[in-house]
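Notes for the one structure printed next.
The basis for the numbers below is simple: all heavy atoms, side chains too, and nothing from hydrogens, waters or symmetry mates. Every chain is numbered from 1 and lettered A, B, ... according to where its sequence line falls, protein lines coming before strand lines.
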There are 2 protein chains.
Amino acid sequence: MRLSRMTDYGVVVLCQMALAPQGAVYTASQLARQTGLPLPSVSKLLKLLAARGILRAQRGAAGGYGLARPAESISARDIVFALEGPVELTDCVEGRGGACERERSCSLRGHWNPVNQAIEEALSRVTLLEMAVPRAPYDFIRGVDVGKFRSEGV
Amino acid sequence: MRLSRMTDYGVVVLCQMALAPQGAVYTASQLARQTGLPLPSVSKLLKLLAARGILRAQRGAAGGYGLARPAESISARDIVFALEGPVELTDCVEGRGGACERERSCSLRGHWNPVNQAIEEALSRVTLLEMAVPRAPYDFIRGVDVGKFRSEGV
DNA sequence: ATAAATAGGACCAATTTGGTACTAATTGAG
DNA sequence: CTCAATTAGTACCAAATTGGTCCTATTTAT
């Protein structure tokens, strides 16, 4: 049970952006360099995130990408949704017309829904800012004050 | 964000078995016929579930598969674990030696863990019995008494 | 004008996945 | 004891998905 590598990349890239002051823009190549990820994939990723409203894109020379909202109001759920679509653990999800021809008679219909919802909730509770705050190697630092950290611009 | 089709099949097959009295055995072909799923896949599935201890296998003539434990003590987490391995949303999960060469310096390390755990919890809360209880088409029946339903052997 | 950047496709190679096929081992029944 | 039914195990194949590449168009600051 895994997320695609693209989603993983997405979080890495977004974390990088989350640590800059609001309004800063990064180019695709900057982000690829800083994260060590392959440029073409990062580029594709950024286009997608911009199309889904997570990022704001500025075209043209001196353009780039920036967060469309503050990092604390972007959740893991937003990112997963943007890059993988809705959480539907199986083909059989209620409220999708015609996916399964047995829908009308199927007695299993909808049984995964509570699990889907619980997972969405879990993803919603984690914000990008929380994911972006660096942890010291091997957890030497504990109880970091997120707000303080952020204002220091580290 | 999805489970593999095999896991989906697994739940369908297990639900079928959950509705029989404890100790009943089904052959692979019976289950394939009853569920309408392809026999070879069902067969492979059952072997796996038996190897992982979810099912108990009886070899030889008049053999077959039965639940190793009552349906109410098998969780969705057990099934997902058996068929897909541990919930690790990304490559970067703490406590897996050597998966990522940047582990020592990585500041993102472990940030998915809370999400992984929340998902495991969500899966653990749903039992096979709950998934197996038939729902009337379009939710005409509500508030089924699971225990009562079960003892009637429907 | 030009250069730097995003937008949007088409395309390809590698991996994963679902499905198939075959042989071996086990066991109940006649 | 023999046979037929059944699971166990393995190797393999085809199709789908995925990550990655490449090229062309569009936008925009200088």
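A:A28 comes within 4.0 angstrom of sugar-phosphate atoms only, judged by non-hydrogen atoms across all strands, and of no base. A:S4 comes within 4.0 angstrom of sugar-phosphate atoms only, judged by non-hydrogen atoms across all strands, and of no base.
A salt bridge is defined here as a Lys NZ or Arg NE, NH1 or NH2 lying under 4.0 Å from an Asp or Glu carboxylate O, and A:D78 with A:R52 fails to meet this definition.
The CZ atom of A:R5 sits 13 Å away from the C1' atom of C:dA13 (whole-angstrom rounding). For A:E84 and D:dT17, the CD to P distance is 14 Å, given to the nearest whole Å. Rounded to a whole Å, the NZ atom of A:K47 is 6 Å from the C1' atom of C:dG8. Atom NZ of B:K44 is separated from atom P of C:dA21 by 13 Å (rounded to the nearest Å).
Residue A:Y65 has no polar side-chain atom (N or O) positioned under 4.0 Å from OP1 or OP2 of C:dA5. Close to C:dA4, at under 4.0 Å from its OP1 or OP2, lies no side-chain N or O of A:Q58. In this model, the phosphate group of D:dT17 is not approached by any side-chain N or O of B:R2 to a distance below 4.0 Å at OP1 or OP2. Not one side-chain nitrogen or oxygen of A:R59 sits closer than 4.0 Å to the OP1 or OP2 atom of D:dA29. Residue B:Y26 has no polar side-chain atom (N or O) positioned under 4.0 Å from OP1 or OP2 of D:dT7. Using a 4.0 Å cut-off, no side-chain N or O of B:T27 falls inside it from OP1 or OP2 of D:dT6.
In this structure, B:V87 and B:F81 approach most closely via the heavy-atom pair N-CE1, 3.8 Å.
Toward the 5' end of DNA chain D, the nearer of the two residues A:A62 and A:S41, judged by each one's closest nucleotide, is A:S41.
Which of C:dT27, C:dG8, D:dT21 sits closest to the side chain of B:A61 comes down to C:dT27.
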